[in-house]
K.L.:
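I'd like to ask you about the structure that follows.
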Amino acid sequence: MPLWKLQTLRRRNVPFLYEKSSGPRITLLPGVAFNLRRFGALIQLLARSAWVQHIRSNPRNAPTVGGAMKQDPHVDHFIPWSRYPRDL
């Protein structure tokens, strides 16, 4: 996801993480770095869970994900998150 979309809510820019500045840098608002560090594991868990839900909801993935994953699946390989074509 492009960084500028991260703070977009209902088509409005809502600066809650950083203030937009000129150039390639951003400055985090007070407390943001602390909370990202504190809740990093939870944020990662939520992001991965949402990504898995997105993969499962895509009808083009149904033959692979739906048919191959039975009650007790054994996986011999995987595709890293960074290699999936829609890695944002």
Side-chain angles (χ1 to χ4, degrees):
M1 169 181 291
L3 189 59
W4 61 270
K5 285 187 169 185
L6 188 58
Q7 299 189 126
T8 302
L9 180 65
R10 295 185 180 170
R11 299 184 183 180
R12 270 190 28 214
N13 184 28
V14 181
F16 65 97
L17 296 173
Y18 61 88
E19 299 248 348
K20 190 174 180 180
S21 61
S22 62
R25 296 178 183 202
I26 64 166
T27 303
L28 295 177
L29 295 173
V32 171
F34 171 79
N35 284 306
L36 286 176
R37 208 171 32 247
R38 182 177 180 192
F39 298 108
L42 177 61
I43 293 168
Q44 263 190 346
L45 181 68
L46 291 171
R48 286 188 175 159
S49 175
W51 182 249
V52 168
Q53 183 180 358
H54 169 74
I55 297 300
R56 287 184 175 168
S57 68
N58 186 334
R60 294 184 308 186
N61 294 331
T64 304
V65 177
M69 301 293 190
K70 301 286 185 197
Q71 189 73 347
D72 186 26
H74 296 280
V75 178
D76 63 353
H77 66 281
F78 66 95
I79 300 172
W81 294 107
S82 61
R83 292 293 191 180
Y84 194 80
R86 191 154 179 232
D87 182 31
L88 302 175

K.L.:
By side-chain contact (heavy atoms from CB on, under 4.5 Å), which residues pair with Leu29, not counting sequence neighbours?
P.N.:
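Leu29 satisfies side-chain contact (heavy atoms from CB on, under 4.5 Å) with Glu19, Val32 once adjacent residues are dropped.
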
K.L.:
Roughly how far, to the nearest 0.5 Å, is the CG atom of Leu42 from the CG atom of Asn35?
P.N.:
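Those atoms lie 11.5 Å apart.
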
K.L.:
If hydrophobic clusters are built from ILVMFWY residues whose side chains come within less than 4.5 Å, do Phe16 and Ile26 share one?
P.N.:
yes

K.L.:
From Arg60 CZ over to Ile55 CD1, what is the distance, rounded to the nearest 0.5 angstrom?
P.N.:
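CD1 of Ile55 is found 10.0 Å from CZ of Arg60.
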
K.L.:
May I ask whether Leu45 and Leu36 are part of the same hydrophobic cluster, defined by side-chain heavy atoms of I, L, V, M, F, W, Y residues being less than 4.5 angstrom apart, directly or through others?
P.N.:
no

